[in-house]
Colleague: 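Below: one structure in structure tokens.
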Amino acid sequence: MARGKLRIHLGAAPGVGKTYAMLAEAHRRVERGTDCVVAFVEHHGRPRTEVLLHGLEQVPRRELEYRGGVFPEMDLDAVLARRPQVALVDELAHTNVPGSRNAKRWQDVEELLAAGIDVVSTVNIQHLESLGDVVESITGVRQQETVPDEVVRRADQVELVDMTPEALRRRMAHGNIYRPDKIDAALSNHFRPGNLTALRELALLWVADRADAYLTQYRSEHRVSKIWGSRERIVVGLTGGPEGRTLIRRGARLAEKGAGGEVLAVYIARSDGLTSASPKELALQRTLVEDLGGTFHHVVGDDIPAALLAFARGVNATQIVLGSSRRKTWQYVFGPGVGATVARESGPDLDVHIVTHDEVARGRGLPVARGARLGRSRRVWGWITGVAGPPLLAALLNAVDLGLANDMLLFLALTVAAALLGGLLPALASAAVGSLLLNYFYTPPLHRWTIADPKNIVAIVIFVAVGVAVASVVDLAARRTHQAARLRAESEILSFLAGNVLRGETGLEDLLERVRETFGMESAALLERASDVEPWTCAGRVGRGHPVDRPDQADVDMPVGDHMALALTGRVLPAEDRRVLAAFAAQAAVVLDRRRLREEADRARTLAEGNRIRTALLAAVSHDLRTPLAGIKAAVTSLRSEDVEWSEEDRAELLAGIEEGADRLDHLVGNLLDMSRLQTGTVTPLIREIDLDEVVPMALGGVPEGSACLDVPETLPMVAVDPGLLERAMANLVENAVKYSPPGAPVLVAGSALADRVEVRVVDRGPGVPDDAKERIFEPFQRHGDAPRGAGVGLGLAVARGFAEAMGGTLEAEDTPGGGLTMVLTLRAAGTRPEHRPAAEPERQAS
């Protein structure tokens with residue numbers, strides 16, 4: 001029996017229209033005469049979806065009892081007995097009620113497919129098993145219902161049902177997805193614009209990767225070697241030379257001209273690993289291509305043009321970028337070169353760009369390691385074997401007559417041994433001494449330096465040639481081994497430095513300690529001076545030993561610019577180590593500059609903030625504090641006047657005005673004091689674990705009765721806060737919300753849990769705040785719009801955010817669905833570690 005086919009409608013979130021698209025597809029198939037039934041589709045009360053169910057045959061559901069309730073599930077046996085051509089099965093990742101045949105609905109679908117029934121199903125991207133951690137980091141919620149990725153990848157068709165986050169939130173706000181009582185919570189949690197954008201990107205990338213994998217599989221199965229230019233893929237061929245950066249930038253410009261262009265830089269090394277390319281230059285080019293959004297690839301191949309073309313066709317590239325040859329003119333007698341060969345063999349479907357550069361026809365000029373790199377003890381033994389070995393062997397052979405051929409083989413073996421131990425020079429010495437001894441003692445005429453038989457001359461020449469050849473191979477292997485080990489160490493060090501540059505993690509002392517450990521020094525210091533006549537000062541020092549005050553006192557000094565140097569003590573470094581040391585020195589200067597820039601920025605920010613606070617404070621004192629004082633003064637003067645006889649009603653009104661003015665002064669002065677404590681860093685929260693319902697109701701005491709309603713469930717986890725700071729922050733938020741809420745629209749204070757956080761949302765139905773002003777309202781002495789001067793000095797929200805951050809929480813402003821503003825106060829749940837705690841001196845306690 002042929003296996004059924006699976007078609008999946010994939011979406012980024014609930015409500016994008018997956019079920020609607022599936023039902024519309026079912027109607028089209030029924031109109032074509034296909035036997036199609038609804039095995040299980042849940043419309044969730046959405047009218048448009050429910051209407052599409054009409055006219056489709058529905059298999060009755062099976063009802064299962066579980067924990068006192070009755071739950072409908074797909075009747076798998078009934079669908080198998082009905083045996084339609086196509087079955088619609090909604091929510092592929094659904095977990096079946098205990099008592100069902102299978103634990104998961106995708107397992108039910110597998111049985112339908114095995115029975116030869118085609119299935120059309122739906123799933124959201126967050127339900128894919130491999131994306132569980134990613135989705136949790138985005139939404140804060142771990143998905144309990146998942147489906148293995150392989151189930152979705154095996155589907156015959158995966159159709160993306162897409163919708164922009166803005167359109168989806170409008171559908172939600174209009175009540176087209178959830179019931180009205182769930183809209184606000186959904187828009188504030190899972191259906192946030194950021195969440196929806198991230199989930200949509202996951203869905204688009206997943207489908208794009210699947211389409212690319214399908215295209216690669218199709219080309220492989222059908223043996224398609226011709227390039228299909230579905231999008232521009234630019235392959236940049238690198239040689240490890242300095243022209244590589246020019247080629248990479250040219251390739252990036254070509255890729256920008258087409259939509260979805262991609263740059264792939266490739267370096268082809270020979271299979272024996274003996275390459276003269278500069279590892280440092282390749283590392284710089286790798287960084288450059290990655291910064292430009294491309295990828296770097298390392299390919300092994302002895303035939304460079306063939307390997308380059310095979311790579312380009314394998315990745316379905318459309319263009320190749322190569323540099324003009326650096327070979328001299330006379331070198332073309334050995335062949336046309338890589339560029340010409342690639343251009344000739346690329347064919348009509350692959351364009352080749354030959355880019356000129358400054359290194360054209362200048363020769364390769366790449367660094368080559370020189371000198372033997374054997375250990376000292378091996379060289380000593382090699383010289384002993386090469387110089388003293390032949391006379392000792394001759395003395396032994398004089399006592400035994402083995403014949404000229406055997407004598408020559410023994411001397412050759414001695415030369416090979418000298419080469420293996422000491423390299424080229426000891427082997428040459430052994431060959432020279434051995435040939436002389438062979439000529440004098442064993443080649444007729446004996447005990448004379450002449451050779452009578454020409455054949456013996458050939459034998460001795462071969463003997464010397466073999467000795468030299470073996471010595472050369474050993475020396476080359478030793479140099480390559482040393483070069484590989486050294487370049488590996490350099491690459492690890494440079495990779496470490498590059499990573500620190502990108503992440504900005506390493507401090508100056510940590511970097512100096514790494515320098516000291518890398519080069520085995522006693523101490524490392526970064527010295528600087530303001531000018532040539534100024535004395536040197538130490539910006540940072542690590543290690544032991546006598547500290548150096550000037551670069552010339554150090555064993556090794558590496559200048560960094562004109563007035564900075566890295567000084568090391570302990571031993572003298574060889575010249576070949578100074579290249580890596582220069583990279584360390586440059587990085588140390590960058591770290592020092594970054595630290596000073598950060599300090600200067602902090603000081604400038606503090607000064608600017610202080611100036612702004614002082615200016616705003618003068619403005620507040622000049623008006624907001626003087627207004628209630630003037631009212632109090634006028635009321636007191638009126639009451640003390642003997643010229644007017646005040647009635648009891650008038651006296652009560654004047655006294656009420658005095659009380660109101662005093663309350664305003666108390667509120668304004670309290671906020672000013674709180675703001676000054678936040679600005680000077682003297683707020684020290686006393687964190688302890690409490691329930692929200694112990695503190696939040698107390699914050700509502702300062703607003704008129706009925707102007708705010710509370711919805712804080714008792715099941716919320718405890719929070720780690722300072723009760724006094726939390727109460728003051730909540731009071732400011734509630735008072736601000738009540739101030740701007742219209743009559744008859746009470747402010748809602750609701751609490752909810754989200755992963756390891758607890759959110760308190762203060763929701764009003766006022767005029768709201770535009771997006772570009774949502775951050776400004778948290779700045780001190782800021783009023784939004786045309787708020788009257790008597791409405792306060794504009795410190796309430798600034799104080800609330802300051803207290804929230806002091807407790808390790810956050811305070812953000814969001815739009816209220818349907819109009820208004822929502823303040824979201826996020827607090828740490830008890831038992832979780834704080835991500836950030838502002839530094840403060842314990843001068844005063846917060847509560």
Colleague: Between H127 (side chain) and E145 (backbone), is there a donor-acceptor pair under 3.5 Å?
Modeller: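 Checking the backbone N and O of E145 against the side chain of H127, a donor-acceptor pair under 3.5 Å is found.
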Colleague: Please step through side chain to side chain donor-acceptor pair (under 3.5 Å) for the pair T822 and T816, ending with a clear verdict.
Modeller: CA-CA 5 Å; T822 298; T816 301; 2.6 Å; yes
Colleague: Does the Q126 side chain pair with the main chain of Q143, one donor and one acceptor, at a distance under 3.5 Å?
Modeller: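 Side chain of Q126 to backbone of Q143, a donor-acceptor pair under 3.5 Å: no, none is there.
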Colleague: Do V758 and S752 touch side chain to side chain, with heavy atoms closer than 4.5 Å?
Modeller: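 A side-chain contact is absent here, since even the closest heavy-atom pair is not under 4.5 Å.
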Colleague: Do the charged groups of E812 and K774 touch, with an N to O distance under 4.0 Å?
Modeller: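 Between K774 and E812 there is no salt bridge, as every charged N stays at least 4.0 Å from the carboxylate O atoms.
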Colleague: For the backbone of L725 and the side chain of D722, can you confirm whether one donor and one acceptor N or O come within less than 3.5 Å of each other?
Modeller: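 Checking the backbone N and O of L725 against the side chain of D722, a donor-acceptor pair under 3.5 Å is found.
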Colleague: Does the side-chain contact (heavy atoms from CB on, under 4.5 Å) test come out yes or no for R828 and M807, once each step is laid out?
Modeller: CA-CA 8 Å; R828 291 188 297 109; M807 294 184 292; over 6 Å; no
Colleague: Taking the side chain as everything from C-beta on, heavy atoms only, tell me whether L202 gets closer than 4.5 Å to V134.
Modeller: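 They are in contact (side-chain heavy atoms under 4.5 Å apart), so the answer is yes.
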Colleague: Taking the side chain as every heavy atom from C-beta outward, state whether E166 and P193 have any pair of such atoms under 4.5 Å apart.
Modeller: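 Heavy-atom side-chain distance check fails, nothing below 4.5 Å.
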Colleague: Is there a donor-acceptor pair closer than 3.5 Å between any side-chain N or O of R46 and the backbone N or O of I177?
Modeller: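 Yes, because the side chain of R46 sits within donor-acceptor range (under 3.5 Å) of the backbone of I177.
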Colleague: Using side-chain contact (heavy atoms from CB on, under 4.5 Å), reason through L825 and L726 one step at a time and then give a plain yes or no.
Modeller: CA-CA 10 Å; L825 176 62; L726 178 60; 3.7 Å; yes
Colleague: Applying salt bridge (charged side-chain N to carboxylate O under 4.0 Å, His left out), name anything that partners R200, two or more places apart in sequence or on another chain.
Modeller: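 Per chain and number, R200 pairs via salt bridge (charged side-chain N to carboxylate O under 4.0 Å, His left out) with D162.
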Colleague: Return the minimal non-hydrogen interatomic distance between L508 and V591, and the atom names on each side.
Modeller: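 Closest approach of L508 to V591, heavy atoms only: N-CG1, 3.5 Å.
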Colleague: Look at R192 together with E759 and state whether they make a salt bridge at an N to O cut-off of under 4.0 Å.
Modeller: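 Judged by the 4.0 Å cut-off on N to carboxylate O distance, R192 and E759 do form a salt bridge.
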Colleague: Is it the case that more than 12 heavy atoms not belonging to R67 sit under 6.0 Å from its CZ atom?
Modeller: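 No - once you tally the heavy atoms of other residues, nucleotides and ligands closer than 6.0 Å, there are 12 at most.
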Colleague: Could you go through L196 and M163, starting from their C-alpha distance and side-chain angles, then the distance that decides it, and tell me whether this counts as side-chain contact (heavy atoms from CB on, under 4.5 Å)?
Modeller: CA-CA 10 Å; L196 295 178; M163 180 175 289; over 6 Å; no
Colleague: Looking at every non-hydrogen atom in both residues, tell me the closest pair between R801 and L811 and how far apart they are.
Modeller: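 What the structure gives for the nearest pair is NH2-O, 2.7 Å.
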Colleague: If you measure from CG on L654 to CD on E659, what distance do you get to the nearest 0.5 Å?
Modeller: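 Here the interatomic distance stands at 13.0 Å.
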Colleague: Do D593 and R596 sit within salt-bridge range, that is, some charged N less than 4.0 Å from a carboxylate O?
Modeller: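 A salt bridge is absent here (no side-chain N lies under 4.0 Å from a carboxylate O).
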Colleague: Side chains of E528 and L592: closer than 4.5 Å at any heavy-atom pair?
Modeller: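 With C-beta onward as the side chain, the pair touches.
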Colleague: What are the two closest heavy atoms between L821 and E814, and how far apart are they?
Modeller: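 Closest heavy-atom pair between L821 and E814: CD1-O, 3.3 Å.
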Colleague: Please answer whether the main-chain N or O of L10 pairs with a side-chain N or O of W206 as donor and acceptor at a distance below 3.5 Å.
Modeller: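 Absent.
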Colleague: What's the spacing between E50 CD and H54 NE2 if we round to 0.5 Å?
Modeller: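 That separation rounds to 5.5 Å.
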Colleague: Using modelled atom types and a 3.5 Å cut-off, is there a donor and acceptor pairing between side-chain atoms of E727 and backbone atoms of V695?
Modeller: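 Looks like no, no N/O pair under 3.5 Å.
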Colleague: Between OG1 of T637 and NZ of K633, what distance do you get to the nearest 0.5 Å?
Modeller: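 If I round to the nearest 0.5 Å, the distance is 4.5 Å.
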Colleague: Quiz question: by atom type and distance under 3.5 Å, do the side chains of D90 and T122 form a donor-acceptor pair?
Modeller: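 Checked: D90/T122 side chains pair up, N/O donor to acceptor below 3.5 Å.
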Colleague: List the residues meeting salt bridge (charged side-chain N to carboxylate O under 4.0 Å, His left out) with R688, not counting sequence neighbours, and say none if there are none.
Modeller: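 Scan of R688 (salt bridge (charged side-chain N to carboxylate O under 4.0 Å, His left out), adjacent residues dropped) gives none.
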Colleague: Looking only at heavy atoms, what is the nearest atom pair of L686 and P723, with distance?
Modeller: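 So the minimum-distance heavy-atom pair works out to O-CD, 4.1 Å.
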Colleague: Mark yes or no for whether D764, through its side chain, and G766, through its backbone, hold a donor-acceptor pair below 3.5 Å.
Modeller: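 Pair found, side chain donor or acceptor close to backbone of G766.
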Colleague: For atom CD of E705, decide whether the heavy atoms of other residues, nucleotides or ligands shown that lie under 6.0 angstrom number more than 12.
Modeller: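 No - once you tally the heavy atoms of other residues, nucleotides and ligands closer than 6.0 Å, there are 12 at most.
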Colleague: Check V749, L710, V696 against V734 for a side-chain contact (heavy atoms from CB on, under 4.5 Å) and give me the one that passes.
Modeller: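 Exactly one pass, corresponding to V749.
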Colleague: Working to the nearest 0.5 angstrom, can you tell me the gap between D815 CG and D771 CG?
Modeller: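 One gets 5.5 Å once the value is rounded to the nearest 0.5 Å.
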Colleague: Can you tell me how far OG1 of T826 sits from CG of L754, rounded to the nearest 0.5 angstrom?
Modeller: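 Atom-to-atom, L754:CG and T826:OG1 are 8.0 Å apart.
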Colleague: Any non-hydrogen side-chain atom of T164 less than 4.5 Å from a side-chain atom of L168?
Modeller: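 No, too far: nothing below the 4.5 Å cut-off.
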Colleague: Does A829 offer a backbone N or O that forms a donor-acceptor pair with the side chain of R757 under 3.5 Å?
Modeller: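 No, the answer is negative, given that no donor and acceptor are paired below the 3.5 Å cut-off.
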Colleague: For the residue pair K18 and M22, establish whether any side-chain heavy-atom pair is separated by less than 4.5 Å.
Modeller: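 No, too far: nothing below the 4.5 Å cut-off.
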Colleague: Mind listing the closest non-hydrogen atom pair of F803 and R728 along with its distance?
Modeller: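 Smallest interatomic distance, heavy atoms only, reads CE1-CG, 3.7 Å.
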Colleague: Are the side chains of V135 and R142 in contact, using a 4.5 Å heavy-atom criterion?
Modeller: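 Heavy-atom side-chain distance check fails, nothing below 4.5 Å.
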Colleague: Is the closest side-chain heavy-atom distance between L655 and L639 below 4.5 Å?
Modeller: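 Yes, their side chains come closer than 4.5 Å.
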Colleague: E42: what forms a salt bridge (charged side-chain N to carboxylate O under 4.0 Å, His left out) with it, not counting sequence neighbours?
Modeller: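 Expected list: R61.
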Colleague: Between S741 and V747, what is the shortest heavy-atom contact and its length?
Modeller: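 For S741 and V747, the tightest heavy-atom pair comes out as OG-CG2, 3.3 Å.
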Colleague: Just verifying a value: how many Å separate I125 CD1 and L204 CG, rounded to the nearest 0.5 Å?
Modeller: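 CG of L204 is found 9.0 Å from CD1 of I125.
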Colleague: Begin from the C-alpha positions of V147 and E129 and carry the test side-chain contact (heavy atoms from CB on, under 4.5 Å) through to its verdict.
Modeller: CA-CA 6 Å; V147 58; E129 201 168 71; over 6 Å; no
